[in-house]
Each structure stands twice: as structure tokens, then as C-alpha cells.
Amino acid sequence: MRSIALIDVNNFYVSCERVFNPALEGKPVIVLSNNDGCAVARSNEAKALGIQMGTPWFQLRDLARQHGILAYSSNYPLYADMSNRVMTILSRFSPLQEIYSIDECFLELTGMPLPHSAIGQAIQKRIRQWTGLPVCAGIAATKPLAKLANHIAKKHSWFNGVCDLNAMNPAEQEEWFTRIPAGEIWGIGRKLAPRLAAIGIHTVQDLRQANPAMLRSRFGVVMEKIVLELKGVACLDLETLTEPRQQIVCSRSFGMRVSDLPSLQEAISLYVTRAAEKLRRQRSLAGSISVFLQTSPYEPKAPQYAPSLTIPLPVSTDDTNQLIHTALWGLKRIYRPEYRYQKAGVMLAELTSKAAVQQSLFSATTRMDQTESRMAALDGINRKMGKNTLRYASEGITQNWKMRSGNKSPCYTTSWKEIAVARC
DNA sequence: GCTAAATTCAGAC
DNA sequence: CTAACGGTCTGAATTTAGC
């Protein structure tokens, strides 16, 4: 019997904040998305107050005041660093690991000594000891079932955070499947759940018993695979190698509405810089760059404008200078001064491996070499001396358009300067 | 009427 | 005092373009 574990950190962002600020323990805490926009992580106490995932912060303000809810701006350097620690520890429990998201991974446990719940408990204990973070483990024969097992472990405290569906007999399993709504299944979202309900499929058990061929014809292959996996038939492999991204996007909402071109130029320059850093980190080159602007869809009475322009690059590149130049050229094409922009962004696409470049017949190789050493120097200085030590003047100095981040915790694990301030 | 490319949809977290 | 609502990425399905 195949045995897959799905390990995930409970309320990940909130738990990271709590590790470094134990006073948050037992209190209703939320972490907000970029620009302090929406609640994207909630402690159990906050969930108990009825705060839904993705609720805009301004709608929560009153409730937060009433109940003393603590709201933090998101601190991605902290969460990314904690995630790396967790994933490294987990990698020692199995040779096959799929890192599925910032706080989740699958581990192949097939063939390891039983009971596998004991492995789950060992994992839980070590992650808690070595990082301070709480995790749950779900174990089952396929990935969606492991997700469900994890869901069960989280919801029912008597499992102590570890649930092995493989260790249950079929009647017990069925008991659980009958109690869980189909919408909880991995891959069944807000559109598909109502469509399934319309044909009488309400629970996991209903879906398990449905005819895969019929579901395929009505909903497509994805649904068919989900059903087969729920029956225990493996269709999805563990994806243990991470392929390089096929496109890289960097976009941000502004802290205020922006209408002037110079501010947009600064923002676009910054986003291109970030995107190009990611591009070089995965050793790719971009074949095209897109620029886009957006007015706020939440102000329906204001005139809306959401232009974008994709510019093909004659020779694929990872040179920030060249990418900024091209993006700013594109920005000028799409910019109209009469709108109040809420957001801007860039996308690098048609990415290819740097190891297999198609050189231009007409461009001299020296140009490429110059780019190479200039970018290496830029990345090297910023790696050694800290992010932003060396940056492009076109990013601007005051950056009045920058996103709001009113209550960010210090970067406890990635910045010497901020630890000194924290004194915890 | 076919294939390929582009766009949209749905999902995850 | 008022207005304030995330970001990245994937793969399938559907539509459109080009022949």
C-alpha cells in the first residue's frame, strides 16, 4: 500500500509571528496580505471570531478594536526563511519530498516501518523543537487523500495532529468521507462545488462513488483524476524536482492611487528589478516582457482602464538595464494621465534556459559578456551587503507610491539590523 | 475543417 | 476625516487565427 504524508504548518504566517513574539500565544492574531489589504492568515482565536480568509482589513477594523485582534503586515523574508528551515528538516524524513507551497510538503513513506502515524508524531515533535512551529500530518494512499487526512487531523483534536487513513478500516474511512463536504477536496473550488451539488454530489463519499467516465465528460480530466485518486488509484506522482518557472510576474498595489508618470516609472523600474533577480536566480532568459496598469475594480463608478503591452525581446536577456529600458518604453505607450491607477506590474515570459541560448547572428559576444559581469557584480554586492545596497536610480528615492505595511515585525532571521532593534 | 496559438477559466495557497 | 479589497503560478478548456 502506497503511503503519502502531507505535512503542513498550522496558520503558518501567524505561527511564524508567534515564534518570535510569544505574547501573541492564545490571542486572536491575523496577518494581512501585501498593502495591508486582506486577512490571509488567522490564529484559531481569530477564526473563532468568524474572520474569513481573504476578508478586507477595513471591513475588520471595528471587530478588531472590539476584540483586541492583533493585525500584522506580512513579513515575507521571515516566512520564507522559516519555510526553508522546515523543509530542510522534513527532507531528512524521506528521500522523496515534494515542496508544494510555502508551508506544505508531501513525503513518500511507502515501505517505511509501521505505524506511519509514529513517523508523523516524530516529525511534529522535531519541527516544534527545532523551529517552534506547530504542524499537522495527514497520511494516506494518494495525495488528495493525504490532504483530507490532514484536514481531519487539524479539525479533531483527539488525533493530536496526525491522522493515518491507511490505518483505518474501510467502514471507518467511509464514516469520515460521509461527513466531509466535497468542497473540502483539493481541486474542488468555489465554482466546481456548486456544480457538483447540482447533480447530487455533496460529500467526499458521494464523489468517490460517482462514475469517473461521466465526470470526465462533464467536468474534464482534472475531475476524473481527483475521483480516481479518492478511490485510492494513484494518477498523480510526487513532483520531487522543481522545474524553473515558465513566467515571472512582479506586481503590487500602491499605497495610494497614482496618476503621474514619474511615479509609475519608478514602480515599474522596481518591479522589473525584482523580476530580473528571480530570473537570474533560476538561470533563465526572458524572451518577452509585458507591462500592465490597473485602476481599482472596487471603485466601479470611477473610469476603468487596465491596459497591458507585451514587447518581444529581439535577443533573450536577463539584463536588468535592458529590461527596465524596454518596460519603460512600453509604459509610455499605455500610460494615460487621466486615470487613478491602483496597481502596476510586469511579466517576464517566453523564458528559456540560459544554458541553451540561441545567440543572435548579428550581435557581438562582448555585449553579452559585459551584461554578465555587470549583473554578477550587482547580485554579488546585494547578496553580500544586503538587499538594496546597490539599486537603480530609476526606482526613485521617496517612493511615495509604495505599498502600505503599517505593522511589520522585524526580520528576526534575515537581518542583523532588525534583530538589534527587536531585543526579544 | 483542421491545427496552432492565444486567451480564459479554475484552482491552490 | 475619509477611504481603504493580495500576489504568483499552473494546466486544462475554449476561442480565435491562419491556412
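Chain letters run A, B, ... following the sequence lines, proteins first, then strands; residues in each count from 1. Because the structure is a prediction, the values reported are computed rather than measured.
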Given [N], is OP1 or OP2 found less than 4.0 Å from the side-chain N or O atoms of [X]?
| X | N | result |
| --- | --- | --- |
| A/Arg252 | C/dT8 | yes |
| A/Lys343 | C/dC5 | no |
| A/Thr55 | C/dC5 | no |
| A/Ser253 | C/dC5 | no |
| A/Arg257 | C/dA4 | yes |

Rounded distance in Å - [atom1] ([X]) to [atom2] ([N]):
| X | N | atom1 | atom2 | value |
| --- | --- | --- | --- | --- |
| A/Phe254 | C/dA4 | CZ | P | 15 Å |
| A/Ile102 | C/dC9 | CD1 | P | 13 Å |
| A/Asp36 | C/dC5 | CG | C1' | 12 Å |
| A/Asn34 | C/dT8 | CG | P | 7 Å |
| A/Tyr298 | C/dG6 | OH | C1' | 9 Å |
| A/Met53 | B/dA12 | CE | C1' | 10 Å |
| A/Tyr271 | C/dG6 | OH | P | 12 Å |
| A/Trp57 | C/dG7 | CH2 | P | 18 Å |

**Asked** When you match A/Gly54 and A/Pro244 each to their closest nucleotide on DNA chain C, which lands nearer the 5' end?
**Response**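 Nearest-nucleotide comparison on DNA chain C picks A/Gly54.
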Closest-nucleotide ordering on DNA chain C, the 5'-leading residue of A/Glu243 and A/Gln342
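Here A/Gln342 is the residue nearer the 5' end.
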Protein heavy-atom contacts under 4.0 Å, written 5' to 3' over nucleotides 11-16 of chain C as B (base), S (sugar-phosphate only) or - (none), form the string SSS---
Q. How would you label the contact of A/Ile185 with the nucleic acid (heavy atoms, under 4.0 Å): base, sugar-phosphate, or nothing?
A.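 Counting heavy atoms under 4.0 Å across all strands, the contact made by A/Ile185 is with sugar-phosphate only.
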How is A/Phe12 classified with respect to the nucleic acid when contacts are heavy atoms under 4.0 Å: base, sugar-phosphate, or nothing?
nothing
Going by heavy atoms in the side chains, are A/Ser83 and A/Phe12 under 4.5 Å from each other?
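Yes, their side chains come closer than 4.5 Å.
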side-chain hydrogen bond (donor to acceptor under 3.5 Å, both in side chains) filter on A/Asn382, not counting sequence neighbours, yields none
Q: Before giving the answer on salt bridge (Lys or Arg N to Asp or Glu O under 4.0 Å), spell out for A/Arg18 and A/Glu45 the whole-Å C-alpha distance, their side-chain angles and the decisive distance to 0.1 Å.
A: CA-CA 13 Å; A/Arg18 280 180 169 170; A/Glu45 299 78 4; 3.1 Å; yes
Take N1-N3 plus N6-O4 or O6-N4 for Watson-Crick, N1-O2 plus O6-N3 for G-U, both under 3.5 Å. Which runs of 3 or more such pairs involve DNA chain C?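 Correct response: B:1-13 with C:7-19.
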Less than 3.5 Å apart, any donor N or O on the side chain of A/Ser409 or A/Glu17 sitting next to an acceptor on the other? yes
side-chain contact (heavy atoms from CB on, under 4.5 Å) test vs A/Tyr72 passes for just one of A/Leu24, A/Val14, A/Asp36, namely A/Leu24
Sequence neighbours excluded and cut-off under 3.5 Å, please list the side-chain donor-acceptor pairs for residues 284-306 of chain A, or say none.
| residue | atom | partner | partner atom | Å |
| --- | --- | --- | --- | --- |
| A/Ser284 | OG | A/Gln282 | NE2 | 3.0 |
| A/Ser290 | OG | A/Thr310 | OG1 | 3.0 |
| A/Thr295 | OG1 | A/Gln304 | OE1 | 3.1 |
| A/Thr295 | OG1 | A/Tyr305 | N | 3.0 |
| A/Thr295 | OG1 | A/Tyr305 | O | 3.4 |
| A/Ser296 | OG | A/Arg257 | NH2 | 3.4 |
| A/Ser296 | OG | A/Tyr298 | N | 3.1 |
| A/Glu299 | OE2 | A/Arg257 | NE | 2.6 |
| A/Glu299 | OE2 | A/Arg257 | NH2 | 3.0 |
| A/Gln304 | NE2 | A/Ser296 | O | 2.9 |
| A/Gln304 | NE2 | A/Glu299 | O | 3.0 |
| A/Gln304 | NE2 | A/Ala302 | O | 3.3 |
| A/Tyr305 | OH | A/Ile334 | O | 2.6 |

Q) Is NZ or CZ of A/Arg333 both nearer than 6.0 Å to the six-membered ring centre of A/Trp329 and within 45° of the ring axis? A)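 Yes; both conditions hold, so A/Arg333 lies above the ring face of A/Trp329.
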Could you report the tightest heavy-atom contact between A/Met82 and A/Thr413, atom names first, then the distance?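 Looking at all heavy atoms of both residues, the closest pair is SD-CG2, 4.3 Å.
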Is a donor on one side and an acceptor on the other found under 3.5 Å between the side chain of A/Asp8 and the backbone of A/Asn150?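 Absent.
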Ordered by number, residues from residues 188-208 of chain A within less than 4.0 Å of DNA chain B (heavy atoms) are A/Ile188, A/Gly189, A/Arg190, A/Lys191, A/Leu192
**Request:** Assign the ring pair A/Tyr79 / A/Tyr13 to parallel, tilted or perpendicular, where the plane angle (0 to 90°) is split at 30° and 60°.
**Result:** parallel
Could you please name the option among [options] that lies closest to any side-chain atom of [X]?
| X | options | value |
| --- | --- | --- |
| A/Arg245 | C/dT8, C/dG6, C/dT10 | C/dT10 |
| A/Ile248 | C/dC5, C/dC9, C/dT10 | C/dC9 |
| A/Glu299 | C/dC9, C/dA4, C/dG6 | C/dA4 |
| A/Cys38 | B/dA12, C/dC5, C/dC9 | C/dC5 |

Quiz item: Do A/His156 and A/Trp176 have their ring centres less than 6.0 Å from each other?
Solution: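 Centroid distance A/His156-A/Trp176: below 6.0 Å, so yes.
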Taking only distance into account, with no hydrogens and no angle test, what donor-acceptor pairs under 3.5 Å do side-chain atoms of residues 399-407 of chain A form with protein atoms, sequence neighbours excluded?
| residue | atom | partner | partner atom | Å |
| --- | --- | --- | --- | --- |
| A/Gln399 | NE2 | A/Glu395 | O | 2.9 |
| A/Trp401 | NE1 | A/Glu266 | OE1 | 2.8 |
| A/Arg404 | NH1 | A/Gly255 | O | 2.4 |
| A/Asn407 | ND2 | A/Ala71 | O | 2.6 |

| message | Salt bridge or not between A/Glu277 and A/Arg383? Use side-chain N to carboxylate O under 4.0 Å. | response |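 Looking at A/Glu277 and A/Arg383, the cut-off is not met.
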